[in-house]
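Here's the structure, in structure tokens; my notes come after.
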Amino acid sequence: MRIATWNVNSIKQRVGHLLGFLDEAKPDVVCLQELKCQDEGFPRAEIEAAGYAVETLGQKAYNGVALLVRAPLAMSEIRRGLPGDDSDEQSRYIEALISGEDAAPVRVASMYLPNGNPAPGPKYTYKLGFMDRLIAHAHALMLDEQALVLAGDYNVIPEPEDAADPAAWVSDALFLPETRTAFRTLLAEGFTEALRACDPKAGLYTFWDYQAGCWQRNQGIRIDHLLLSPQAADRLVSASVQKHLRGLDKPSDHVPVTIELTSR
DNA sequence: ATGGCCCCCGTTGGGGGA
């Protein structure tokens with residue numbers, strides 16, 4: 001079973017690239033972030049025509065997450081929104097149980113963690129609060145002792161080797177000590193970070209800013225992650241970054257990260 | 001990591017992203 005995560009930075013702008021990715025990579029599950037549209041604006045028909053079921057949690061102009069699942073796999077137990085704050089209006093979390101005849105079930109979440117800049121400030125407070133809620137929810141899910149994949153744009157640079165120029169990020173919300181501590185606390189619930197587990201070398205990036213020739217100079221950062229429960233990690237075969245998609249015309253500033261799990 | 005962009009909404013500028 002192949003599971004991909006991709007911050008597309010507007011699904012309407014990127015539907016062509018997404019359909020190309022579905023055709024070439026044939027992922028079974030795709031976690032999308034930054035749809036930047038409401039549910040009624042999501043290009044559902046084109047994606048369903050490619051053989052995928054679609055569940056979205058959209059929002060006008062900002063945020064927005066989705067799960068795509070390739071037939072004959074199907075979704076159930078869909079959860080929209082991260083528990084723990086009923087006043088949170090931002091569309092940043094969707095989760096479903098993925099199952100099919102030939103594969104053991106996997107619970108998958110697609111999430112878009114807040115950026116948090118400028119820090120300190122209310123946006124950073126919201127980011128840390130979101131991470132606290134995520135840790136609590138992950139803890140509850142872990143009690144099931146089932147295969148679980150928390151995938152998405154974490155807006156966290158875990159370690160200095162995950163940035164081409166770590167010194168440039170020392171006071172940024174993506175790399176502040178409190179941010180990295182919260183991420184490590186989440187990992188300590190028992191998760192394996194899939195790409196790092198498969199490929200420990202430095203210099204693997206998933207985001208390159210549109211500005212200042214960052215892509216041309218390979219000034220990237222690694223902020224898109226897949227976290228695996230022990231039952232999912234036991235099934236981990238490989239993890240890879242689809243870097244070539246950053247070189248297309250009108251690319252997203254993020255590229256997909258894809259993992260392969262054994263079917264059971 | 002800002003000189004350099006891109007996307008949204010809704011118009012020709014402002015908010016947001018990372």
Side-chain angles (χ1 to χ4, degrees), chain A residues 5-18 21 31-43 56-66 88-93 110-131 134 151-180 182-183 195 202-225 241 243 245-257:
Chain A
T5 182
W6 192 10
N7 178 324
V8 290
N9 187 16
S10 167
I11 188 61
K12 291 181 186 175
Q13 291 295 320
R14 229 63 67 195
V15 64
H17 290 350
L18 174 62
F21 173 64
C31 305
L32 298 177
Q33 301 89 34
E34 278 212 87
L35 307 178
K36 294 188 171 179
C37 71
Q38 292 169 298
D39 291 338
E40 54 267 37
F42 188 91
T56 62
L57 179 63
Q59 178 183 336
K60 188 174 185 176
Y62 302 114
N63 308 317
V65 288
D88 187 356
E89 305 272 310
Q90 301 188 26
S91 296
R92 295 182 175 276
Y93 186 94
S110 173
M111 70 185 89
Y112 176 44
L113 265 64
N115 171 311
N117 281 304
K123 292 186 175 179
Y124 192 56
T125 302
Y126 174 67
K127 177 178 191 149
L128 292 178
F130 193 97
M131 295 183 84
L134 179 59
D153 176 359
Y154 279 74
N155 271 316
V156 175
I157 303 167
E159 301 294 338
E161 54 264 38
D162 298 316
D165 182 10
W169 295 92
V170 289
S171 57
D172 192 285
L174 279 63
F175 193 56
L176 281 173
E178 273 186 281
T179 305
R180 295 173 57 200
F183 187 73
L195 188 64
L204 280 177
Y205 308 130
T206 63
F207 169 91
W208 296 259
D209 199 294
Y210 291 122
Q211 298 186 67
C214 283
W215 167 245
Q216 290 77 9
R217 297 185 294 117
N218 196 28
Q219 289 288 304
I221 52 176
R222 193 172 73 90
I223 55 175
D224 299 272
H225 310 298
V241 180
K243 185 177 179 179
L245 295 174
R246 186 63 178 79
L248 300 179
D249 279 345
K250 293 277 187 184
S252 172
D253 40 9
H254 296 248
V255 296
V257 183

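In what follows, chains carry the letters A, B, and so on, assigned in the order in which the sequence lines appear, proteins first and then strands, with residues in each chain numbered from 1. What's counted below: heavy atoms across the whole structure, side chains too, no hydrogens, waters or symmetry copies.
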Quickly work out the L174(A) CG to dG17(B) C1' distance and round it to whole Å.
10 Å
side-chain N/O N117(A) vs dA18(B) OP1/OP2, d < 4.0 Å
no
For dA18(B) versus dC8(B), give the span between their P atoms, rounded off to a whole number of Å.
14 Å
Taking only the C1' atom of each, what is the distance from dG15(B) to dG10(B) in whole angstrom?
13 Å
Can you check the N7(A) CG to dG17(B) C1' distance for me, whole Å?
9 Å
So what does N155(A) touch, heavy atoms closer than 4.0 Å: a base, only the sugar-phosphate, or nothing?
sugar-phosphate
Hey, does D153(A) reach any base, or is it just sugar-phosphate, or nothing, if we go heavy atoms under 4.0 Å?
sugar-phosphate
Span that lies between the P atom of dT2(B) and that of dG14(B), in whole angstrom
22 Å
Output yes when at least one side-chain N/O atom of S10(A) is less than 4.0 Å from OP1 or OP2 of dC6(B), else no.
no
Can you tell me if R217(A) touches the phosphate of dA1(B), counting only side-chain N or O atoms and a distance under 4.0 Å to OP1 or OP2?
yes
For dC5(B), take OP1 and OP2 only and decide whether either is under 4.0 Å from a side-chain N or O of K250(A).
no
Side chain of Q219(A) only, please: which of dA1(B), dC5(B), dA18(B) is the nearest?
dA1(B)
Expressed in whole Å, how much space separates the C1' atoms belonging to dA1(B) and dC6(B)?
15 Å
Measuring to OP1 and OP2 of dC8(B), would you say a side-chain N or O of Q13(A) lies under 4.0 angstrom away?
yes
Between K36(A) and N9(A), is there a side-chain donor-acceptor contact under 3.5 Å, judged purely by atom types and distance?
yes
Do the side chain of K127(A) and the main chain of A173(A) share a donor and acceptor less than 3.5 angstrom apart?
yes
C214(A) backbone acceptor or donor facing Q219(A) side chain under 3.5 Å:
no
What is the distance, rounded to the nearest whole Å, between atom CG of N9(A) and atom C1' of dC8(B)?
10 Å
OP1 or OP2 of dA18(B) under 4.0 Å from side-chain N/O of N115(A)
yes
Hey, is the side chain of Y112(A) poking within less than 4.0 Å of OP1 or OP2 on dA18(B), counting only N and O atoms?
yes
